[in-house]
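Structure first, commentary second.
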Amino acid sequence: MTTETPIRLLDGADYLHTAAPRLDNVRMLVVGDVMLDRYWFGEVSRISPEAPVPVVRIERREERLGGAANVARNAAALGAHSGLLGVVGADEAGTSVETLLRDSSIHSYLKRDEAISTIIKLRVIGRQQQMVRIDFEDAPSETVLRDKLTQFKALLPDFDVLIFSDYNKGSLVNVAEMIRAARAAGKIVMVDPKGDDFSPYAGASMLTPNKSELKRIVGNWKSEEQLTAKAQALRSELGLETLLLTRSEEGMSLYTETEVLHVNADAREVFDVSGAGDTVIATMAAMLGAGAPLDVALATANRAGGIVVGKLGTATVTRAELFPG
């Protein structure tokens with residue numbers, strides 16, 4: 001693919017009042033690194049006498065689904081039939097994840113690993129600003145991962161769309177085999193990638209890296225033409241149908257075999273970008289699963305990303321927010 005690939009600029013406003021598809025007919029399975037996001041909210045009124053750091057007096061605590069679980073939560077918030085396959089520890093945090101899934105009407109296919117602790121991201125928020133994040137994480141054991149692969153193959157006939165949410169925490173070591181099985185079964189397969197090697201994601205329907213993730217694979221670019229050439233070369237090399245590049249304030253670009261679709265970012269106040277990629281891939285998958293054209297799905301996912309960055313922490317977008325009126 002050459003740099004002469006035509007670029008089509010979409011006006012998001014043209015799609016604002018697109019009729020909402022039947023997202024409740026979409027059966028989506030999210031597979032990947034499952035996390036529990038914990039938020040401790042408090043007031044900051046002084047600096048510690050022990051070190052030059054603020055003292056946060058905790059007043060409220062909150063738990064939310066994180067990682068792959070946040071992708072499933074976003075899909076469920078849009079009305080899709082959402083399932084989650086992943087690994088958590090046989091601990092209190094794993095039980096909290098199960099409870100949150102049930103409360104969000106997400107079908108849980110979690111494996112409980114006695115050998116590890118559930119991945120936790122603890123964020124301390126003072127004056128509506130994140131002061132510090134503390135991570136607790138272990139990689140799943142090989143035995144549990146083998147069981148997970150067997151369960152994935154058993155679940156495959158029950159779902160139309162597969163999302164692999166890779167946070168590089170060890171839950172997707174078998175992703176290449178899972179993608180091959182899903183594609184052979186005729187499923188839509190979307191991947192949110194991580195790491196220095198995208199080859200395990202070969203053959204997916206769509207890959208959704210952000211700018212920094214793409215640069216780690218293809219290097220820097222100095223012009224839009226150079227970016228198009230690098231993105232199309234990667235798409236072709238991996239045998240992808242499409243590659244969706246999320247570009248923060250620059251919007252989103254979708255690379256197909258015949259063209260590039262680009263939509264500018266919604267002009268919104270950015271409050272928190274954590275979890276925005278989860279919202280984008282969940283919305284894109286739900287729209288494509290419902291049969292929406294690529295341009296409509298792209299504009300809708302872009303709008304969803306613009307809405308969610310205006311919310312604190314890992315958040316979701318509702319069907320009513322996406323399709324007003």
Side-chain angles (χ1 to χ4, degrees), residues 10-30 32 35 37 39 62-84 100-101 103-107 123 128 161 163 165 167 188 190 192 206 208 210 244-252 254 263-325:
L10 307 181
D11 186 344
D14 292 342
Y15 298 84
L16 185 59
H17 298 291
T18 299
R22 288 295 304 273
L23 300 181
D24 55 327
N25 288 336
V26 178
R27 299 178 300 167
M28 187 185 309
L29 180 65
V30 181
M35 307 174 195
D37 285 348
Y39 294 86
E62 187 175 329
E63 293 183 336
R64 302 180 189 177
L65 296 169
N70 187 47
V71 179
R73 177 177 170 235
N74 271 273
L78 293 173
H81 173 94
S82 179
L84 176 67
L100 290 168
L101 291 174
D103 292 345
S104 298
S105 300
I106 298 167
H107 295 267
R123 297 171 176 90
Q128 297 299 303
V161 184
I163 296 181
S165 180
Y167 278 80
I188 297 173
M190 302 182 64
D192 189 357
M206 181 182 294
T208 65
N210 60 32
L244 173 62
L245 176 62
T246 56
R247 306 173 64 173
S248 302
E249 70 280 357
E250 296 175 349
M252 298 163 58
L254 182 67
V263 60
N264 291 323
D266 278 3
R268 296 177 183 269
E269 181 180 359
V270 176
F271 192 76
D272 192 337
V273 298
S274 59
D278 298 338
T279 300
V280 167
I281 195 171
T283 305
M284 195 80 186
M287 293 293 290
L288 293 177
L294 275 175
D295 58 348
V296 174
L298 178 63
T300 306
N302 183 66
R303 187 161 67 250
I307 293 170
V308 82
V309 296
K311 302 180 180 183
L312 176 62
T314 48
T316 62
V317 175
T318 66
R319 181 185 175 93
E321 288 175 305
L322 269 186
F323 301 102

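Along the sequence shown, residues carry numbers from 1.
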Minimal non-hydrogen separation, [X] against [Y], with atom names:
X	Y	answer
Val30	Ala68	CG1-O, 3.4 Å
Ala75	Ala282	N-CB, 3.9 Å
Tyr167	Gly67	CE1-CA, 3.5 Å
Met28	Ala286	CE-N, 3.6 Å
Ala297	Met287	CB-CB, 3.7 Å
Gly289	Val161	CA-CG2, 3.7 Å

I'd like to check the salt bridge (Lys or Arg N to Asp or Glu O under 4.0 Å) partners of Asp14; sequence neighbours left out, ordered by chain and number.
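Counting only residues at least two positions away or on another chain, Asp14 forms no salt bridge (Lys or Arg N to Asp or Glu O under 4.0 Å).
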Using salt bridge (Lys or Arg N to Asp or Glu O under 4.0 Å) as the criterion, list what pairs up with Asp192, not counting sequence neighbours.
none
Side-chain contact test, heavy atoms from C-beta onward, threshold under 4.5 Å: evaluate it for [X] versus [Y] and give yes or no.
X	Y	result
Ser165	Ile281	no
Arg73	Leu100	no
Thr283	Leu78	yes
Met284	Leu254	yes

Mind jotting down which residue pairs meet the salt bridge (charged side-chain N to carboxylate O under 4.0 Å, His left out) criterion with at least one end in residues 278-299? Sequence neighbours excluded, please.
Arg8-Asp295
Between atom [atom1] of [X] and atom [atom2] of [Y], what is the distance when rounded to the nearest 0.5 Å?
X	Y	atom1	atom2	answer
His107	Leu101	NE2	CG	11.0 Å
Ile307	Thr279	CD1	OG1	9.5 Å
His81	Arg27	NE2	CZ	7.5 Å
Leu29	Ile163	CG	CD1	9.5 Å
Arg247	Met252	CZ	CE	11.0 Å

Under the side chain to side chain contact (heavy atoms under 4.5 Å, CB included) criterion, do Leu288 and Leu294 qualify, and how do the steps go?
CA-CA 7 Å; Leu288 293 177; Leu294 275 175; 3.9 Å; yes
Exam field: side chain [X] to backbone [Y], donor-acceptor pair closer than 3.5 Å:
X	Y	answer
Arg123	Asp37	no
Asn302	Asn264	yes
Asn74	Asn70	yes
Ser82	Ile106	no

Which of Leu244, Thr208, Leu298, Val317 passes side chain to side chain contact (heavy atoms under 4.5 Å, CB included) with Val280? It is Leu244
